[in-house]
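Here the structure is laid out as structure tokens; the discussion comes afterwards.
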Amino acid sequence: MVVTDKKIYIETYGCQMNVADSEVVLGILGNEGYAPINSPETADLILVNTCSVRDNAEKRVHQRLTELRAYKQNNPEVLIGVLGCMAERLRTELIEKNNVVDIVVGPDEYRKLPKLVEDAYAGQRGIAVKLSRVESYDDITPLRTEGITAWLSVMRGCDKFCTFCVVPFTRGRERSRTLTSVVEEVRKLSEQGVKEVTLLGQNVNSYKDSNYDFTDLLQEVASVDRTMRIRYTTSHPQDMSDKLIEVMAKNDNICKYIHLPVQSGSDRILKLMNRTYTIDHYLNLMKKIRLAMPEVAFSTDIISGFPTETVEDHQMTLEVMKEVRYDGAYMFKYSPRENTKAWNMNDDVDDKEKGRRLNEIVLLQEAISNEINQSMIGKTVKILVENDSSRSSDDLMGRTDTNKKVVFPRGNALIGEYRTVTIERATAHTLIGTLTAGENA
Ligand code: 5AD
Ligand code: SF4
């Protein structure tokens with residue numbers, strides 16, 4: 001039986017890989033006649049695509065599942081499914097302990113969704129959580145809803161096994177899509193008017209398709225349409241090759257923005273984290289990148305309170321932040337995750353102290369981001385107009401090549417255009433300006 005005329009609502013938590021996966025899921029179920037809607041009220045199928053990277057991400061999803069129970073109580077025909085990393089990690093527990101869940105599907109089993117949904121309608125709850133060494137959804141066309149920007153996952157899984165991270169266990173081994181299919185998808189997106197593509201992978205620099213590596217892929221993708229911006233994330237500092245820096249520098253449409261998680265400023269902690277680089281290596285890498293691309297912007301991830309982290313280790317993290325002067329950072333308290341190596345280490349920095357250190361990290365980053373943004377006042381920047389501003393319908397929002405958000409009165413600008421804006425004010429997170437008179441950028 002093919003299910004038709006059903007409405008599907010999907011809620012996505014966690015990283016951009018999950019956002020891209022949700023679009024794959026909508027693509028797969030779209031072929032079965034499911035139409036996506038933006039709220040759960042009238043949905044026949046409610047899916048929650050989940051994240052396990054920290055305990056509070058999981059807590060939020062548990063809470064949300066409790067709320068979603070109401071839709072099932074109103075209409076027992078409604079099905080609820082849990083997708084993604086929590087499905088992989090918790091498996092049967094989700095169905096057994098939480099009687100709202102009908103389907104549990106891990107990140108490599110989305111092709112089974114139509115069958116699982118059909119079985120669930122027939123009263124049989126289903127679980128599919130096998131990880132695969134080959135699944136890359138290479139042939140699935142994701143159903144995108146984001147307008148002129150697109151996320152495109154080019155590889156899945158991670159083989160790095162950082163000792164704090166659950167991803168290798170929930171998303172499995174590294175595997176890549178074929179270069180030809182990625183390039184073809186980018187070509188189609190360009191024809192559809194998409195203006196910016198972000199190549200995604202948990203560890204995107206490990207992309208490999210026979211003799212092609214990530215730099216080959218990036219070069220090919222950048223050559224498809226020179227009016228299209230190309231971004232990528234996430235890089236591991238160990239895998240930022242000279243060739244990659246060269247490809248970025250010589251292609252104008254590859255954005256000069258790199259997310260390069262440092263995690264900690266202490267070599268001793270980095271070693272315990274199995275990050276495989278030293279701060280010396282990291283800082284030299286940054287210097288090399290800045291030499292090749294003086295305008296480059298960096299962001300990072302930082303964890304506070306990893307096992308055995310001392311106040312001195314923490315201080316070293318602050319020093320690295322001051323030295324690099326990141327444009328932005330994602331900052332977290334260490335959260336022990338089952339199965340990881342660090343799970344067996346003593347989580348000895350108490351929560352209050354983790355919070356105190358995190359607060360210092362956040363305040364320092366805010367100050368640096370603010371200073372960098374204040375220094376932009378008076379400058380004219382080229383932006384891609386992305387969408388309406390979330391704050392006011394009179395304003396539009398665009399981004400610079402270096403990924404800075406710029407808000408400005410809409411004037412005659414249209415979404416999808418490149419325009420220039422002169423910056424007049426700035427906060428730590430946003431630049432505010434006005435359109436420069438005259439032609440498009
Ligand atoms: N605790 C805190 N932060 C974590 N991250 C990954 N695992 C954990 C954890 N157990 C952070 C890392 C990673 C980002 C995606 O999430 O900084 O780069
Ligand atoms: Fe996790 Fe490390 Fe892999 Fe990133 S590189 S997904 S932090 S194991």
Side-chain angles (χ1 to χ4, degrees), residues 12-21 50-60 84-86 88-89 107 131 153-176 198 200-207 214 232-240 258-266 269-277 282 298-309 313-314 317 320-321 326 328-351 353-355 357-358 361-362 365:
T12 306
Y13 294 83
C15 64
Q16 293 308 331
M17 294 291 293
N18 263 11
V19 175
D21 277 5
T50 62
C51 170
S52 288
V53 84
R54 281 169 294 277
D55 188 48
N56 54 10
E58 289 200 350
K59 284 211 176 96
R60 210 173 323 136
C85 290
M86 275 175 80
E88 196 59 50
R89 205 179 81 72
L131 288 172
S153 101
V154 299
M155 56 89 64
R156 303 177 69 81
C158 183
D159 290 352
K160 291 280 184 211
F161 289 93
C162 301
T163 59
F164 51 80
C165 185
V166 79
V167 165
F169 304 93
T170 58
R171 299 188 79 97
R173 298 288 64 73
E174 286 175 1
R175 70 224 93 117
S176 300
T198 306
L200 292 175
Q202 224 75 47
N203 184 18
V204 77
N205 302 146
S206 299
Y207 174 89
F214 182 64
Y232 65 89
T233 197
T234 292
S235 299
H236 192 291
Q238 196 198 2
D239 299 333
M240 279 294 302
I258 309 179
H259 182 61
L260 202 58
V262 69
Q263 311 295 1
S264 166
S266 153
I269 295 293
L270 287 175
K271 197 150 188 223
L272 286 175
M273 288 176 163
N274 189 31
R275 286 294 288 180
T276 67
Y277 53 84
Y282 184 90
F298 288 110
S299 62
T300 196
D301 292 345
I302 294 173
I303 297 177
S304 91
F306 187 80
T308 77
E309 186 189 76
D313 294 316
H314 165 64
T317 300
V320 168
M321 292 171 70
Y326 295 102
Y330 301 89
M331 300 154 282
F332 316 101
K333 273 194 225 171
Y334 169 66
S335 165
R337 311 310 292 139
E338 216 172 338
N339 289 322
T340 62
K341 268 207 170 153
W343 176 256
N344 298 321
M345 300 176 193
N346 188 10
D347 181 20
D348 57 355
V349 182
D350 72 36
D351 192 60
E353 178 61 9
K354 275 183 198 166
R357 293 180 195 175
L358 179 64
I361 291 169
V362 170
Q365 186 53 48

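Ligands are counted one by one from 1 in listed order, and the atoms in each one are counted from 1 as well. Atom set for the values below is all heavy atoms of this structure, side chains included, hydrogens, waters and symmetry mates excluded.
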* To do: Hey, can you tell me if Tyr282 and Tyr326 have their rings parallel, tilted or perpendicular (30° and 60° cut-offs)?
  => tilted
Close side-chain approach of [X] to [Y], heavy-atom, < 4.5 Å:
| X | Y | value |
| --- | --- | --- |
| Tyr334 | Met273 | no |
| Met345 | Thr308 | no |
| Arg337 | Glu58 | yes |

* **Heavy atoms from other residues, nucleotides or ligands near OH of Tyr330 exceed 12 (cutoff 6.0 Å)** => no
* Taking every non-hydrogen atom, the tightest pair across Arg156 and Pro107 -> NH2-O, 3.0 Å
* Count of N, O or S atoms belonging to protein, less than 2.8 Å from atom 2 (Fe) of ligand 2 -> 1
* For side-chain contact (heavy atoms from CB on, under 4.5 Å), just list the numbers for His314 and Val349, CA-CA rounded to whole Å, side-chain angles, deciding distance to a tenth of an Å, and then say yes or no. => CA-CA 11 Å; His314 165 64; Val349 182; over 6 Å; no
* Every residue of the protein that comes under 4.0 Å of ligand 1, judged on heavy atoms ->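 Those residues closer than 4.0 Å to ligand 1 by some heavy atom are Val53, Arg54, Phe164, Gln263, Asp301, Ile303, Phe332, Lys333, Tyr334, Ser335, Arg337.
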* May I ask you to decide whether Asp347 forms a salt bridge with Lys354, counting only side-chain N to carboxylate O separations under 4.0 Å? =>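 Between Lys354 and Asp347 there is a salt bridge, with a charged N closer than 4.0 Å to a carboxylate O.
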* Taking the six-membered ring for Trp and the single ring otherwise, decide whether the centroids of Phe306 and Phe332 are under 6.0 Å apart. => no
